[in-house]
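Take a look at the structure below.
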Amino acid sequence: MNSRSKRAAKASASELFVSFTSSVSFDSRLWRHDIAGSVAHARSLADSGVISGQDLEDITRGLRGIASDIRSGEFTFDPSAEDLHMHIEKALTERVGDAGAMLHTGRSRNDQVALDMRLYVREALADVVAEAINLQEAIVSKAARQGDAIMPGYTHMQHGQPVLLSHHLLSYFWKLQRDVERMSDCYDRTNVSPLGAGALSGTAFPVDRMLPANMLRMKGITENSLDAVSDRDFVAEAAFALSLLAIHLSSMCEEFVIWSSQEFRFVRLPEGLSGGSSMMPQKRNPDIPELVRAKAGRAVGGLVTILTLLKSLPLAYNRDLQEDKESLFDVFNTVEDSLNALTYFLTELEFDKVRMRGSAETGLMTATDLADSLATRGVPFREAHGIVSGLSECSGGDAVLFRELALDELASHGERPGPDDDDFLDAESSVLRRTVVGGTSPEAVRAQKENALATINGNRSLLQNMRNDASAVDELLG
Ligand code: ARG
């Protein structure tokens with residue numbers, strides 16, 4: 001190789017290195033968190049006498065200037081810069097000279113990026129909690145509007161026992177509530193500051209680590225510098241909490257898709273929120289629930305990417321960790337959009353209560369009630385179960401024949417059947433009997449709804465605390 005082609009090869013090697021390793025195209029999303037973290041770090045350097053008050057002033061002014069230029073679109077990100085952190089530091093030094101070059105004292109990009117990610121995740125969790133609360137509210141108000149409408153309850157997608165439609169809808173409220181609680185737990189583990197961990201062993205400068213943590217409204221500091229720069233549990237936990245949430249949405253959406261089919265006709269798809277066919281003029285399609293259902297797969301894909309990149313990583317920081325960002329951002333975007341779309345969709349969705357009720361009356365959905373009623377006459381439940389199973393086989397699914405066989409059976413157990421003794425066939429009597437806490441009786445469901453409303457209030461104050469912490473970032477940007 002002559003020296004010219006050696007130089008050309010060298011140039012293209014460094015180009016390849018930059019283009020393969022640069023993260024600016026995606027980590028630029030963290031600019032607010034990065035700059036706020038730097039403002040807090042600079043202040044901690046100045047407070048412990050590592051940099052002068054003048055340097056702090058120059059750095060803070062410079063960083064805030066960059067923030068305002070990014071916000072107004074005047075600052076263009078250079079995708080060939082290695083990463084956001086280098087990019088902003090370089091811009092700072094161009095603007096304020098030597099003071100800019102002091103900023104990175106006692107800090108590494110390893111604790112810096114860990115901080116940025118924590119600040120991003122806590123803010124993004126708050127956004128998802130806000131969307132989840134909106135959907136919870138939509139569920140409760142939809143449930144409240146259904147009165148005591150009855151529908152078939154299913155197990156194995158086969159008719160099981162009648163339930164209230166409001167009870168069915170509210171079941172998703174509590175799944176979402178556990179999602180909110182999981183996000184809140186994850187939030188607490190996320191909201192601690194790794195600053196001071198340095199590259200891996202802790203900074204040698206005499207800084208007070210709680211100072212930047214307090215400025216950023218983080219609840220504490222990490223305990224071990226090696227752990228601090230390698231820990232992405234909060235990334236994986238957030239991705240898991242969101243994936244499970246998305247899976248809950250996918251189940252709800254699957255039901256809406258099934259219920260909208262001509263065979264079920266339990267729901268009428270909202271006109272403005274449904275798709276059509278380019279060929280079949282009569283079609284109205286459940287596009288929103290179908291896509292929400294599919295997007296759960298995308299969220300799980302992101303989670304798997306994150307877990308897989310963490311697997312077998314040795315201590316402490318490894319560049320692999322840069323790969324967590326695109327997946328995590330995508331999981332957050334995807335789940336937030338899904339929640340928002342589904343909230344709109346559910347609000348507009350109409351239930352065909354007559355059709356649902358009719359379906360709950362057909363067949364032998366109250367067979368359990370008959371077995372219960374034999375059990376109250378002293379027949380051991382296991383035996384009663386066998387008897388009713390035999391009757392239902394004999395009836396071949398014919399409700400009229402089943403009733404006759406059942407009344408004969410009741411008569412054979414002592415007293416003659418009274419006037420109310422065939423209410424085991426009645427869906428309404430069946431739900432009325434289920435007054436246990438968490439059961440489907442109208443009374444129990446009303447209490448459940450009250451608990452749901454109180455739970456929403458609790459979630460709102462949780463969200464307010466999260467938002468209050470997160471607002472420290474924008475406050476530090478000036
Ligand atoms: N862009 C990197 C990341 O996202 C920042 C930390 C780089 N640190 C290093 N020593 N190369 O993880």
Side-chain angles (χ1 to χ4, degrees), residues 13-41 63 66 70 75 77-93 100-101 103-124 190 192-205 212 216 222 224-239 302-303 305-333 473:
S14 74
E15 274 165 26
L16 178 135
F17 181 82
V18 170
S19 78
F20 186 69
T21 62
S22 170
S23 52
V24 172
S25 64
F26 50 88
D27 67 8
S28 53
R29 173 195 279 239
L30 300 170
W31 68 266
R32 290 168 45 254
H33 315 94
D34 194 73
I35 293 177
S38 290
V39 169
H41 172 66
L63 286 171
I66 294 171
I70 296 175
F75 184 99
F77 284 104
D78 173 6
S80 71
E82 190 177 326
D83 57 27
L84 168 79
H85 325 293
M86 300 294 258
H87 201 338
I88 289 182
E89 191 185 323
K90 185 163 160 261
L92 177 69
T93 309
L103 171 65
H104 211 52
T105 315
R107 183 177 71 170
S108 153
R109 279 181 294 156
N110 300 348
D111 55 351
Q112 184 177 1
V113 71
L115 175 69
D116 292 3
M117 287 297 277
R118 285 174 183 274
L119 294 174
Y120 165 80
V121 168
R122 78 171 181 182
E123 184 179 280
T190 302
V192 292
S193 169
L195 271 188
L200 74 160
S201 63
T203 173
F205 291 92
L216 293 160
T222 53
N224 178 303
S225 60
L226 291 164
D227 181 41
V229 295
S230 59
D231 173 24
R232 295 294 183 277
D233 290 4
F234 63 98
V235 171
E237 280 185 48
L303 169 65
T305 300
I306 290 163
L307 288 173
T308 311
L309 79 87
L310 293 175
K311 182 192 167 292
S312 307
L313 278 190
L315 291 175
Y317 177 83
N318 297 277
R319 192 67 180 263
D320 310 49
L321 293 176
Q322 178 169 295
E323 271 307 292
D324 64 351
K325 292 175 193 57
E326 284 162 294
S327 293
L328 183 71
F329 297 160
D330 189 62
V331 171
F332 270 109
N333 291 343
V473 165

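Counting starts at 1 for both ligands and their atoms, following the listed order. Position 1 is the first residue of the sequence; numbering continues from there.
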Output all residues satisfying side-chain hydrogen bond (donor to acceptor under 3.5 Å, both in side chains) with D116, sequence neighbours left out; order by chain, then residue number. H85
Regarding Q112 and H41, do their side chains bring together a donor and an acceptor under 3.5 Å, going by distance alone? no
Check ligand 1 against the protein and report each N/O to N/O distance under 3.5 Å, formatted as atom name, atom name, distance.
residue  : atom   : partner : partner atom : Å
ligand 1 : 1 (N)  : S23     : OG           : 3.4
ligand 1 : 1 (N)  : D83     : OD2          : 3.2
ligand 1 : 1 (N)  : Q322    : OE1          : 2.8
ligand 1 : 4 (O)  : K325    : NZ           : 2.7
ligand 1 : 8 (N)  : N110    : OD1          : 3.1
ligand 1 : 10 (N) : N110    : OD1          : 3.3
ligand 1 : 12 (O) : Y317    : OH           : 2.4

Could you check whether the rings of F77 and H87 sit parallel, tilted or perpendicular, using 30° and 60° as the cut-offs? perpendicular
Residues 193-205 vs side chain to side chain donor-acceptor pair (under 3.5 Å), sequence neighbours excluded, gives none
Side-chain donor-acceptor contacts of residues 306-315 below 3.5 Å, not counting sequence neighbours, with atom names and distances?
residue : atom : partner : partner atom : Å
T308    : OG1  : V304    : O            : 2.5

Salt-bridge criterion met for E89 and R109 (N-O under 4.0 Å): no
